[in-house]
Amino acid sequence: MIYTNYREIDKAGRIVISKDIRAHLNIKPGDLLLINADDYSIVIKKAEAKCVFCNSQAELREYKDKHICSSCLRELSGEPT
């Protein structure tokens, strides 16, 4: 299903993402969004969780609102890999 909305940008440069789109994409307050732009368009996507060190998406643990994969966590703790 494709959702289409028209939104006006406010004086602070913000737009509102409608409730139906947020629900469809499971976007909640505090979630990270990825914003890409080219000469003609802006694309907003829900960011995928990735390790802050190696960008892996496998075996993630969250620490202070950051994601760290188990491999990098072992390396940081000094454990042999």
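Please read all numbers here as calculations on a predicted model, not as lab measurements. Residue numbers start at 1 and run along the sequence shown.
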Trainee: Could you work out, with side chain to side chain donor-acceptor pair (under 3.5 Å) as the rule, every residue matching Lys28, not counting sequence neighbours?
Mentor: Asn26
Trainee: When Ile, Leu, Val, Met, Phe, Trp and Tyr are grouped by side-chain heavy atoms lying under 4.5 Å apart, directly or through other members, which residues fall in the same group as Tyr40?
Mentor: none
Trainee: Are Ile35 and Ile17 in one and the same hydrophobic cluster, where Ile, Leu, Val, Met, Phe, Trp and Tyr link if side-chain heavy atoms are under 4.5 Å apart?
Mentor: yes
Trainee: At their closest point, which heavy atom of Ala49 faces which heavy atom of Gln57, and how far apart are they?
Mentor: O-CG, 3.4 Å
Trainee: What pairs with Lys46 under salt bridge (Lys or Arg N to Asp or Glu O under 4.0 Å), at least two apart in sequence or on another chain?
Mentor: Asp31
Trainee: State which residues pass salt bridge (Lys or Arg N to Asp or Glu O under 4.0 Å) with Arg7; sequence neighbours excluded, sorted by chain then number.
Mentor: none
Trainee: What is the distance from atom CD1 of Ile21 to atom CD1 of Ile2, rounded to the nearest 0.5 Å?
Mentor: 11.0 Å
Trainee: Just to verify, what does Phe53 make a ring pair (Phe, Tyr, Trp, His ring centres under 6.0 Å) with, not counting sequence neighbours?
Mentor: none
Trainee: Hydrophobic side-chain clustering at under 4.5 Å (ILVMFWY, transitive links): who's grouped with Val43? Put none if nobody.
Mentor: none
Trainee: Measure the spacing between CD of Glu62 and CD1 of Ile68 and express it to the nearest 0.5 Å.
Mentor: 10.0 Å
Trainee: Can you pull the ring pair (Phe, Tyr, Trp, His ring centres under 6.0 Å) pairs that have at least one residue in residues 7-35, sequence neighbours excluded?
Mentor: Tyr3-His24
Trainee: Could you pull out all residues at least two apart from Asn5 that satisfy side chain to side chain donor-acceptor pair (under 3.5 Å)?
Mentor: Ser18
Trainee: What are the two closest non-hydrogen atoms of Cys69 and Cys51, and how far apart are they?
Mentor: N-SG, 3.4 Å
Trainee: Might you confirm whether atom CG of Leu34 has over 12 heavy atoms from other residues, nucleotides or ligands at distances under 6.0 Å?
Mentor: yes
Trainee: With side chain to side chain contact (heavy atoms under 4.5 Å, CB included) as the test, would you mind laying out the steps for Leu25 and Ile44 before giving the verdict?
Mentor: CA-CA 11 Å; Leu25 295 174; Ile44 302 173; over 6 Å; no
Trainee: Please go through Tyr6's hydrophobic cluster and name the other residues, only I, L, V, M, F, W, Y counting, with side-chain heavy atoms under 4.5 Å joining them.
Mentor: none
Trainee: Would you say Leu32 ends up clustered with Tyr63 if hydrophobic residues are merged whenever their side chains have heavy atoms under 4.5 Å apart, either directly or through other cluster members?
Mentor: no
Trainee: Please collect all salt bridge (charged side-chain N to carboxylate O under 4.0 Å, His left out) contacts where either partner lies in residues 10-19, sequence neighbours excluded, each pair once.
Mentor: Asp10-Arg14
Trainee: More than 12 heavy atoms of other residues, nucleotides or ligands under 6.0 Å from CG of Leu76: yes or no?
Mentor: yes
Trainee: Suppose we screen for salt bridge (Lys or Arg N to Asp or Glu O under 4.0 Å). Which residues come up paired with Asp38, at least two apart in sequence or across chains?
Mentor: none
Trainee: For residues 50-60, which residue pairs qualify under salt bridge (charged side-chain N to carboxylate O under 4.0 Å, His left out), counting only residues two or more places apart or in two chains?
Mentor: none
